[in-house]
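Reminder, nothing fancy here: chain letters follow the sequence lines and each chain counts from 1.
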Protein chains: 4
Amino acid sequence: MEQQSARLGRPRSERARAAVLHAADDLLVEVGYAAMTVKGIADRAGVGRQTVYRWWSTKAEILLEASADDARQELAVEPTGDLVAELAAYLDALTVFLTRSHAGAAYRALIGEAQHDPAVAALLADHDVIGDSARVILSRALGADTCRRTLDQATASLIGPVFFWHFTGRDPALLDTAALAETCGRQLARRSGTSGGGGSAD
Amino acid sequence: MEQQSARLGRPRSERARAAVLHAADDLLVEVGYAAMTVKGIADRAGVGRQTVYRWWSTKAEILLEASADDARQELAVEPTGDLVAELAAYLDALTVFLTRSHAGAAYRALIGEAQHDPAVAALLADHDVIGDSARVILSRALGADTCRRTLDQATASLIGPVFFWHFTGRDPALLDTAALAETCGRQLARRSGTSGGGGSAD
Amino acid sequence: MEQQSARLGRPRSERARAAVLHAADDLLVEVGYAAMTVKGIADRAGVGRQTVYRWWSTKAEILLEASADDARQELAVEPTGDLVAELAAYLDALTVFLTRSHAGAAYRALIGEAQHDPAVAALLADHDVIGDSARVILSRALGADTCRRTLDQATASLIGPVFFWHFTGRDPALLDTAALAETCGRQLARRSGTSGGGGSAD
Amino acid sequence: MEQQSARLGRPRSERARAAVLHAADDLLVEVGYAAMTVKGIADRAGVGRQTVYRWWSTKAEILLEASADDARQELAVEPTGDLVAELAAYLDALTVFLTRSHAGAAYRALIGEAQHDPAVAALLADHDVIGDSARVILSRALGADTCRRTLDQATASLIGPVFFWHFTGRDPALLDTAALAETCGRQLARRSGTSGGGGSAD
DNA sequence: TCTTAAGCGAGACGGTACGTCGAGTCTTAAT
DNA sequence: ATTAAGACTCGACGTACCGTCTCGCTTAAGA
């Protein structure tokens, strides 16, 4: 019954959807987030302005839809069995993501916008690509039954330094991700080791 | 010689300068960074628009000037001799700064803007309030002669998790800063301890 | 043969036609000509937008079809034998038509539109409801064989003052139609009286 | 005191005002009233859109300001002493105005718009160029002390037929203005003649 | 005291993007 | 083939803010 009403009228144009997402992605790289306008996206995509507004409310939404899949993929790390090596690989992937990737540029712009736009903040809260990617590794290390809060705290410890480094515009070459991975690995080992014994930490 | 030409004409109005900075601060809190406009600042300050443009090029500059002093002050921690206690106090101050303070709101807005505006990024690179405040404590712990790179790496490890937590919109109550301080303290102790022996660790 | 091809497919819906005309009439009164839109008519009529465009090209056409019959009827005056009385009755009917009637509102809107849209002007030239109604009376007074030009000139003299009065937004109460009817009647009498003799007058 | 506040800020640009009025006049002739847009006027005038909206609310206001002076001038008739000749000259001027003049095109467009826009109707009520021009002649014929209502009624009788003829799109060549002038002259003579005796005819 | 030079408020200027609306066209499934 | 529905491209709407410009008016230093 609902299907009937859903199929009424002209269906959404997949061509228009893809053109908008591509245009947004291109414009972000070419002119930057601030100079990106809905008008510019529509014109570049060869699409009416109304068509953009019909499906997305803000340029943030467009950008998120355009980059979320790529981001997820770029931050995936295959399991090797060696925890510290995995962590190092992950932090390197994160560095490349934040400093060189298209999707990463979109993510940085969105996090930036979220600092003064609650709507964007809410949007990102539902699409925690960066947190998700870290939790995959960390739950392998700490066990699948680890509670969410412990996982999040570990995530912050792992990602935080790299995140801070790049968000405050520091030179990517000067950050020693290997040392961070080792430190984090040692910390995790302590935690999972003691978890059987006393479990006094946090 | 320069003084002569510099003193020609009517001198800059201190009244106007202060009014603009106050108006910017108020507006940031009331309407948010995005909805803050130069026109709005000028009107609220009872100042001509040209007067604003004469002394500041962007709203970011205004905001930085309006909040830098406050930020510096809010992030200062008095030395107690107990490293972990100092670190914990600092991380708590940082949390309050990022989540509750006026100046912190300005800082978050500026870091956000810096993600897509190189001019703001450059501005912040010259006013590293948050890095400066951390280095004060860390150089006490590691010694005044510690090299800048080591100091920065330690800064990232200390601040990063808290920074990440709040910039990704997580619940302030769920972050265990005491644990972070202790972890960081242990790591610093290891480093300064071995520095006398081999000093090989990064 | 033509009948076969003419009967192919779904026949035109009389329901849709009537609904569109009623909707147009209602909207003219409720929101005025300028705020009347094809989209609005279609929605109000519960009809697809394309259905409107298939049968009418402009809202003027719709309005004309919706009101022409009513207009013709409202401007008909039954013969009484007394010329001046007929003229006065006609001018009063014209006044009511132009100032109070639904159909009159449509007519005014169309004449207005015709001033800057040649298509509407052409449309109205083919549907001279107001001229037709006057000629019925005047040809009774001047004889059925009166030439068209004389008839049109007389029509202008009869209708013109009332038409001008209302199109320039003057107060309906202040126009003395009885005096106009009498003047016009005297003029017509002079013309038909001399027509037997010399017939020199214009 | 009021003068002081009136001189605050940058004064209005006479260049911009003139450019807008010229652009409006040109566009009316080139593309017609309906296709005339505020955007088009602003672009053609080399003026910001806001500048147009700052001084005029609608394109009707612009058009009125652009044409009122010309209209007044084109409809003036110099007194000759011969009433019928004056009336004939006036009706010919009116015909040229309504069918060939720039200002007349603007006037027709405005009267048209007034049929479905009360704001335009109100605007025209305050600038009755056509009525004013007729009253000048008629008050010469009927005496300067003639009451307004009598004057208006005579105005309608004089102008009405010509107005009707052209507003309903009839062929200008087929209207006998000389006959209308004579008829009207005779009517006026009767009225001023009897006004001394019985004065029963309003 | 009188000039000169710069800062001040106000506010109009030419631009450009905003988000909305209506135009007229096109593409579905259902009749 | 026509219907209702509704997405499509296009472009004007009126508003807001941009950064610049012209005004008349301070405000002080230097002649």
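If C/Ala35 and B/Pro11 are placed on DNA chain E by their nearest nucleotide, the residue sitting closer to the 5' end is B/Pro11. Annotation: of the two residues near DNA chain E, B/Ala45 and D/Arg54, the 5′-most nearest-nucleotide partner is B/Ala45. If you find the closest nucleotide of DNA chain F to C/Val47 and to D/Lys39, the one lying nearer the 5' end belongs to C/Val47.
Among the atoms of the strands shown, only primed sugar atoms or phosphate atoms (P, OP1, OP2) are found under 4.0 Å from some heavy atom of A/Arg15. Residue D/Gly40 is out of contact with every strand shown, counting any heavy-atom pair closer than 4.0 Å. Across all strands shown, A/Thr51 has heavy atoms under 4.0 Å from base atoms, whether or not it also approaches the sugar-phosphate.
Separation of atoms CG (A/Leu28) and CG (A/Leu63) is listed at 5.0 Å; rounding is to 0.5 Å.
The residue from D/Leu21, D/Ile62, D/Asp26 that alone fulfils the side-chain contact (heavy atoms from CB on, under 4.5 Å) condition with D/Ile41 is D/Ile62.
The phosphate of F/dG19 (OP1 or OP2) has no side-chain N or O of B/Trp56 nearer than 4.0 angstrom. Contact annotation: A/Trp55 reaches the phosphate of F/dC8 (side-chain N/O to OP1 or OP2, under 4.0 Å). Using a 4.0 Å cut-off, no side-chain N or O of B/Arg12 falls inside it from OP1 or OP2 of E/dA6.
Listed by first then second residue, pairs satisfying salt bridge (charged side-chain N to carboxylate O under 4.0 Å, His left out) with a partner in residues 52-69 of chain A read A/Arg17-A/Glu65, A/Asp69-A/Arg72, not counting sequence neighbours.
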Just the atom pairs and distances: protein N or O near nucleotides 24-26 of chain E's N or O, under 3.5 Å.
residue, atom, partner, partner atom, Å
E/dG24, OP2, C/Tyr53, OH, 2.7
E/dG24, N7, C/Arg49, NH1, 3.1
E/dG24, O6, C/Arg49, NH1, 3.4
E/dG24, O6, C/Arg49, NH2, 3.0
E/dC26, O2, A/Arg10, NH1, 3.4
E/dC26, N4, C/Gln50, NE2, 2.5

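Distance CG (B/Leu8) to P (E/dC8): 15 Å, rounded to an integer number of Å.
Between C/His116 and D/Arg108, every side-chain heavy-atom pair lies at or beyond the 4.5 Å cut-off.
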